Undergrad: 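Mind looking over this structure? Questions follow.
Residue numbers begin at 1 in each chain, while the letters A, B, ... track the order of the sequences. Worth saying up front: this structure is predicted, and the values here are computed from it rather than measured.
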2 protein chains.
Amino acid sequence: MKKGPAKPRIVIIGAGFAGAWTAKYLQRKLRDSAEIELINQVNYFVFQPLLPEVTSGTISAQDAVTPLRQMVPGVRFRMAEVLDIDFDRQRIDLLQGSKRRLISIDYQHVVIACGQSEARDLLPGLSEHALSLKDVADAHHLRNVLIDRLEHADITSDPQLKQRLLTLVVAGGGFSGIETIGEVSEMLRRILRYYPNVQAHEVRGILLQRDARILPEMPPQLAAYAHRQLLRRGVEIHLNTGLRAVSKGCVELDNGDMIAAATVISTIGNAPTAMIKKLEQQQRVHLQHGKLAVDRMLRLPQKNAWAIGDVALIPLTDNAQQKSDYAPPTAQFAVREAQCLSANICATLKGEQCHPFHYRPRGSLASIGHYKAVGEVFGVRVSGLLAWSIWRGFYMLMLPQFVTQVRVALNWFFDYFMPRSVVQITTRGESCTRNVLYRAGETIFAAGQMVDGHYTIVEGEVELRRDNESACVLKAGAYMGSYMHQDTATKIELVAKTDCKLLTLRNADVTRLSQAIPALQKHFQQPS
Amino acid sequence: MKKGPAKPRIVIIGAGFAGAWTAKYLQRKLRDSAEIELINQVNYFVFQPLLPEVTSGTISAQDAVTPLRQMVPGVRFRMAEVLDIDFDRQRIDLLQGSKRRLISIDYQHVVIACGQSEARDLLPGLSEHALSLKDVADAHHLRNVLIDRLEHADITSDPQLKQRLLTLVVAGGGFSGIETIGEVSEMLRRILRYYPNVQAHEVRGILLQRDARILPEMPPQLAAYAHRQLLRRGVEIHLNTGLRAVSKGCVELDNGDMIAAATVISTIGNAPTAMIKKLEQQQRVHLQHGKLAVDRMLRLPQKNAWAIGDVALIPLTDNAQQKSDYAPPTAQFAVREAQCLSANICATLKGEQCHPFHYRPRGSLASIGHYKAVGEVFGVRVSGLLAWSIWRGFYMLMLPQFVTQVRVALNWFFDYFMPRSVVQITTRGESCTRNVLYRAGETIFAAGQMVDGHYTIVEGEVELRRDNESACVLKAGAYMGSYMHQDTATKIELVAKTDCKLLTLRNADVTRLSQAIPALQKHFQQPS
């Protein structure tokens, strides 16, 4: 594929705002004089701020993403996972294709713009039970979960279970927390009428915010406006309150309170991606606050290596020390960083001088659902429908083609008149092996419940009860399977005696595992 | 929830065309004088004929489904799985909620309209490797698979692999086979321009049809028109040819030919659902040709039990013997059966006489993609854009609200002008345990490939090769894991020595399994 010996090859890793815009600007500036390659794990760009709307069904998943191949024509796109960067040899190792073939490619310049990933191990139960909103699949999944809760709440006859099913907790009162709870409560409000046995007052939406106010990135008046709007819509806001732990049906707050909630969405915590962690372990890069420190020209210490976006720690002054001296991880900054970076790469190629990055943000906006937003644009504070329209306009401008823009605009327009769909399109099963956490006292199986899977205790103790009396205590390694159902299931009850962790498997998976691995056959046949 | 002692309760199982329309007609006729309950495993109605268009991206998944709660207002809807029907006690056992609680409900009349499920065990490898198009999740999945093949074909440097990735086989030349290959080849044609390294002539679409012509349900001239249209678009049609076996990268035809193809879609074979099978095992029902035989009034032999749709064998004459004496499994017939059935239930409630089912179909239509269809309506043959428009019009009429109709119509309109999106929205992982089949001689791992998972041989033998020479033969129980990668992966090659079956697991699942089950820890640590 090499088109000439003299053509420099610039490889960009990651296609978020930072990476995709770098590719765009470089392509515009260099045209055919360089080979620009964009590497990303998925073949689309996600407009993350719209994900809460995918969840609520305002827009379809297709509308929140843009195909990268259409977005940056002329740039070579590679769907692959980067494993390693050898800065000395200027070479990248990556895995591509469904068979994950290991391939190496050379570069003259490399731009690291892979963003950050979620820190799922911050709190107990977070990775097992909290939902997140980072990708379109997350948005879809959250939507299905919420509809599932309503479907179930509509038909259950257990009032405690119903309350738990109808309680939703969002952790984090920043942009994405606010947008999520705003959109979700709007969605629930609009679809409740299809669930005759669920009343509006039974639905609880709870927002947890560690700080003294929501939207700390915004001026206080605007945050107060958003706060009032959310309260008016029935959202409970707990300030100065964080999450301590999450389990199957329970949320523990950092003040010790417990809330029975079936659905928890976390918008807190970021960490370096697996690739960045690996580079650090191999001492190829050095991390500062979990990020790659660059100079004001956006250069890494390594030769011809650059970093921008959330993965990079970008100083805004020569003597950066406190948090406000560094570029914040927002889309607005990322696009500006991409502009500066592409200019600097071009300058380097021509042997000219690089320029330091500086940018004064134009403003910021947060959507709070129900056709309302808050924000500050060019120093002017806006709120309500006007702010919401500016917010949407910004996204419209990003769409790659005029007809797409018209279609998306019309969809938004129709949403105003149309009933919200309550379709729950199930994605094909989650991972078959799942760890499920229960707090001491939580019921794992109630009498009369179908045990249609296989459960192994990984940690903790479980009490088996018959006719409301303790029959025995099961410990780590003990195993419960669907054989229990035959006659006894209707009488047996399982309750967590201590906090405990169970591994769950589906029947189909157990069958396949037993067929392949003889050691397992024995394990699964032997009832504890 | 009981509103009066005298109100009869009619329970409908299944919400396809037959079940949903029965609910609709009964509600219209009985209003508040009966309690009508509709039970379905998902909360939406799928317009199956549109699924190929969801795959091709012409319409969004949301547009191919209708929320049942919006479709049949006034009917009590229950998202649940029916386990058992006790015809003597007039009681249904079902599982509901994410915790799958076992619940029993009573009925005065029961309508079984649960359709049929796919027969996945007809041929070796069908359940492991053939894709299907029964639900929206299938359509999504197929779309992702096709885009994945293109992404991979665009960057691979192995010509054999590229050809396999670009070969698609559709088994079955009936309505759904034709619609699938038509839509998919149209989709590929439109998105190929985003894949600069893939040429149109490299893409092979192959249709397998056991019969002497495609669309045997249609008049020969129309089938011939569809045949010509598909050939013109480059589809290869193999008549009198069936599938014998499917493996990871290969399709074996019943004439012994082998085709290297990465993607196989099966539209062949139906079987009773799990519930119907169970009822038969318990000798509660008797099956004829895998279906529930009803009389001409649509009654089952059991008291107050009825069956219609694909699950039922419905005689059209008093002395039905050959296939044409029974109602065919089409949407058109299902809707008419629902009409007759609801009238008969009302008559029974009033103590009046039931009427036998009879219907003369109005015509039939098959879409072949690219804004073309073929069909016969009221005895008149139509083809091309006109047929396609009638086809679409039929669906539009089914949509529950005017604004939804407008939105869907506009989306179809815009599709004409817009580029097709190539976004691959990955649904969260398939089942973690998967059996993968290889034919003797197929490469399982090529040198330089990343083994990022765990593989256990379930059946057959695998040859391990080093530097192109056989190093050893691995047999059932042998296990290969990602530890191989450390240094050796680039030199080792694994080739199927005989036909073989491997169980594949992902690393995250192996970790969870080993933590919970000590017997596995040993198994996974011990390299074969």
Undergrad: Strictly under 6.0 Å, is that where the ring centroids of B:Phe445 and B:Tyr455 end up?
TA: yes
Undergrad: Partners of A:Thr511 by side-chain contact (heavy atoms from CB on, under 4.5 Å), sequence neighbours excluded?
TA: A:Gln515
Undergrad: Among A:Ile103, A:Asp154, A:Ile457, A:Thr156, which residue has the highest count of heavy-atom pairs closer than 4.5 Å to chain B?
TA: A:Asp154
Undergrad: At a heavy-atom separation under 4.5 Å, does A:Leu503 approach chain B through its side chain, its backbone, both, or neither?
TA: side chain
Undergrad: Answer yes when A:Glu442 and A:Arg164 have at least one side-chain N-carboxylate O distance shorter than 4.0 Å, and no when they do not.
TA: no
Undergrad: Name all residues meeting the side-chain contact (heavy atoms from CB on, under 4.5 Å) criterion together with A:Leu192; count only those two or more places apart in sequence or in a different chain, and write none if there are none.
TA: A:Leu150, A:Val198, A:Ala200, A:Val203
Undergrad: Find the one option among A:Arg78, A:Lys501, A:Glu459 whose heavy-atom pairs under 4.5 Å with chain B are most numerous.
TA: A:Arg78
